[in-house]
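Report on one structure; see the data block that follows.
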There are 2 protein chains.
Amino acid sequence: MYAISKKSKYALRALFELARRYHQGPVLIAELSKHQRIPKKFLELILLELRNQGMLGSKKGKGGGYFLARAPSTISLGEIIRALDGSLAPVPCVSQTAYRTCEECEDEATCGIRVVMQEVRDTTAEILDRENLADMLRREERLEQRRSKVPVYAI
Amino acid sequence: MYAISKKSKYALRALFELARRYHQGPVLIAELSKHQRIPKKFLELILLELRNQGMLGSKKGKGGGYFLARAPSTISLGEIIRALDGSLAPVPCVSQTAYRTCEECEDEATCGIRVVMQEVRDTTAEILDRENLADMLRREERLEQRRSKVPVYAI
DNA sequence: ATATACTCTACTCAATTGATAGACTGAATA
DNA sequence: TATTCAGTCTATCAATTGAGTAGAGTATAT
């Protein structure tokens with residue numbers, strides 16, 4: 001159907017790292033770029049955008065870098081994706097944050113597509129707004145533990 | 001986040017009409033184009049694609065046109081969208097029909113994004129695969145009836 | 001034979017996405 | 001206060017995708 005943009009995916013990875021290092025003070029773009037394998041210049045734009053929206057803080061000069069402006073548990077995946085891609089909705093006419101009428105649509109009130117897509121949007125938003133950065137860290141830790149317990153027979 | 005393409009949206013509308021007229025024999029592209037306000041040449045491509053995938057049948061020459069190859073109740077919205085847009089998944093690594101590894105991803109097994117996006121994909125697919133053309137006709141009828149009962153005070 | 005109506009390939013055009021370049025600004029510190 | 005560090009910002013670019021158009025070709029009914 002569609003996909004979240006690389007921008008959002010990059011942002012999620014970068015913010016995971018910022019969440020993991022929440023108590024370490026500012027983190028360099030260069031480090032995030034290297035660890036998460038994100039083109040540095042592109043990452044700059046992404047972080048800047050999130051900073052200008054208030055989700056991140058930054059500090060210039062030596063000892064500077066980026067950091068989460070709020071606690072990891074208060075930043076949801078939905079908020080991050082919306083911040084960069086604008087909306088979670090599969091069609092603009094069911095978006096909460098970026099509503100636009102579908103120009104080909106004669107009458108929204110009787111549009112069956114709309115009703116179904118509304119349901120898709122709602123369940124999607126429910127999932128993505130429920131999951132926050134702190135959850136994700138825990139989740140990834142669990143996955144890594146489980147993984148390391150699985151015996152690997154291949155050489 | 002993303003949106004279904006106009007192609008899919010046009011297809012849904014056109015197929016709704018084909019479902020509504022399921023027992024009337026072939027329907028002209030020109031009629032579908034006019035009724036659903038879809039650019040004719042663009043609609044040709046869409047219907048052709050769906051025909052080549054076996055969802056539609058067609059007949060050339062006088063008395064020709066397009067028709068559903070199967071009963072409306074056996075064609076789901078998910079199938080239509082997948083046929084044209086390729087996938088319902090928000091990231092390629094959780095797509096059932098168009099799986100592709102995310103090149104920036106180091107390890108799928110421990111990727112938290114993947115787990116959450118899998119859930120998004122599953123609930124989306126559950127909704128769209130459950131809804132079929134016959135359901136949609138009933139749904140739109142209900143909506144129209146409800147609408148016509150609402151008193152309209154505007155002139 | 002002719003008109004009808006789908007079939008198919010090839011374009012075109014605009015918008016979006018992903019990415020890069022380089023000058024600029026503010027902070028730290030030697 | 002000069003230097004270095006590191007984020008800020010604007011501009012630009014290339015590639016891809018999405019939407020739409022053109023026109024010749026083919027099958028069918030009458």
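None of these values were measured; they are calculated from a predicted model. Numbers restart at 1 for each chain; the letters A, B, ... are given by sequence-line order, proteins then strands.
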If you look only at distance, which donor and acceptor atoms sit under 3.5 Å apart when one is on a side chain in residues 27-37 of chain B and the other is two or more places apart or in another chain?
from: Glu31(B); atom 1: OE1; to: Arg21(B); atom 2: NH1; distance (Å): 3.1
from: Glu31(B); atom 1: OE1; to: Arg21(B); atom 2: NH2; distance (Å): 3.0
from: Ser33(B); atom 1: OG; to: Ile38(B); atom 2: O; distance (Å): 2.7
from: His35(B); atom 1: ND1; to: Glu17(B); atom 2: OE1; distance (Å): 3.4
from: His35(B); atom 1: ND1; to: Glu17(B); atom 2: OE2; distance (Å): 2.7
from: Gln36(B); atom 1: NE2; to: Glu17(B); atom 2: OE1; distance (Å): 2.6

Let me know the distance between [atom1] of [X] and [atom2] of [N], rounded to the nearest Å.
X        : N       : atom1 : atom2 : answer
Leu48(A) : dG26(C) : CG    : C1'   : 14 Å
Leu56(A) : dG7(D)  : CG    : P     : 12 Å
Lys6(A)  : dT20(C) : NZ    : P     : 11 Å
Phe67(B) : dC6(C)  : CZ    : P     : 11 Å
Ile46(B) : dC6(C)  : CD1   : P     : 14 Å
Lys9(A)  : dG18(C) : NZ    : C1'   : 12 Å
Leu50(A) : dG7(D)  : CG    : P     : 15 Å
Leu43(A) : dG7(D)  : CG    : P     : 10 Å

Quiz item: Any side-chain heavy atom of Val115(A) sitting closer than 4.5 Å to one from Val94(A)?
Solution: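 The answer is no; the side chains never approach within 4.5 Å.
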Sort me out a list of protein N/O and nucleotides 21-24 of chain D N/O pairs below 3.5 Å, or just none if empty.
from: dG23(D); atom 1: N7; to: Lys41(B); atom 2: NZ; distance (Å): 3.3
from: dG23(D); atom 1: O6; to: Lys41(B); atom 2: NZ; distance (Å): 2.3

On the nucleotide [N], are OP1 or OP2 found under 4.0 Å from the side-chain N or O atoms that [X] carries?
X        : N       : result
Asn52(B) : dT7(C)  : no
Ser58(B) : dT7(C)  : yes
Tyr10(A) : dG18(C) : no

Quiz item: If you find the nucleotide of DNA chain D closest to Arg51(A) and the one closest to Lys7(B), which residue's nucleotide is nearer the 5' end?
Solution: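 Counting from the 5' end, the first nearest nucleotide belongs to Arg51(A).
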Exercise. Any chance you could pull the hydrophobic cluster mates of Phe67(A), using side-chain heavy atoms under 4.5 angstrom and chaining through other members?
Key: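 Via sub-4.5 Å side-chain contacts, Phe67(A) links to none.
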Quiz item: When you check the gap from the basic side-chain N to the acidic O, do Arg138(B) and Glu141(B) get nearer than 4.0 Å?
Solution: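 Judged by the 4.0 Å cut-off on N to carboxylate O distance, Arg138(B) and Glu141(B) do not form a salt bridge.
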Quiz item: What pairs meet the ring-ring contact (aromatic ring centres under 6.0 Å, His included) rule with one or both residues in residues 81-137 of chain B, with sequence neighbours excluded?
Solution: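 Checked against ring-ring contact (aromatic ring centres under 6.0 Å, His included) - neighbours excluded - no pair reaches residues 81-137 of chain B.
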Self-check item: Any pair counted as ring-ring contact (aromatic ring centres under 6.0 Å, His included), so long as it reaches residues 39-62 of chain B, sequence neighbours left out
Solution: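 Matches after skipping sequence neighbours: Tyr10(B)-Phe42(B).
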Quiz item: For Lys60(B), what residues pass the salt bridge (charged side-chain N to carboxylate O under 4.0 Å, His left out) criterion, not counting sequence neighbours?
Solution: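 Lys60(B) satisfies salt bridge (charged side-chain N to carboxylate O under 4.0 Å, His left out) with no other residue.
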Self-check item: Contacts of Asp122(B) that satisfy salt bridge (charged side-chain N to carboxylate O under 4.0 Å, His left out) - sequence neighbours left out
Solution: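 Scan of Asp122(B) (salt bridge (charged side-chain N to carboxylate O under 4.0 Å, His left out), adjacent residues dropped) gives none.
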Quiz prompt | Qualifying residues under side-chain contact (heavy atoms from CB on, under 4.5 Å), relative to Glu131(B), sequence neighbours excluded | solution =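 Testing Glu131(B) for side-chain contact (heavy atoms from CB on, under 4.5 Å), a comparison that skips the adjacent residues, returns Val116(A), Leu77(B), Asp135(B), Met136(B), Arg139(B).
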Quiz item: Looking at residues 21-35 of chain B, who's got a heavy atom less than 4.0 Å off DNA chain C?
Solution: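 When residues 21-35 of chain B is checked for heavy atoms under 4.0 Å from DNA chain C, the hits, listed by number, are Val27(B), Leu28(B), Ile29(B).
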Self-check item: Where at least one partner belongs to residues 63-73 of chain B, residue pairs that pass salt bridge (charged side-chain N to carboxylate O under 4.0 Å, His left out), sequence neighbours excluded
Solution: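 Residue pairs passing salt bridge (charged side-chain N to carboxylate O under 4.0 Å, His left out), neighbours aside: Arg70(B)-Glu79(B).
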Quiz prompt | Pairs satisfying salt bridge (charged side-chain N to carboxylate O under 4.0 Å, His left out), at least one member in residues 46-59 of chain A, at least two apart | solution =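 Every pair satisfying salt bridge (charged side-chain N to carboxylate O under 4.0 Å, His left out) with a residue in residues 46-59 of chain A: Lys7(A)-Glu49(A).
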Quiz item: Once each nucleotide of nucleotides 25-30 of chain D is scored for protein heavy atoms under 4.0 Å, what B/S/- sequence comes out, 5' to 3'?
Solution: -BBBS-
Quiz prompt | Any donor-acceptor N or O pair under 3.5 Å, side chains Ser76(A), Asn132(A) | solution =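 No pair is found: no donor N or O on one side chain lies under 3.5 Å from an acceptor on the other.
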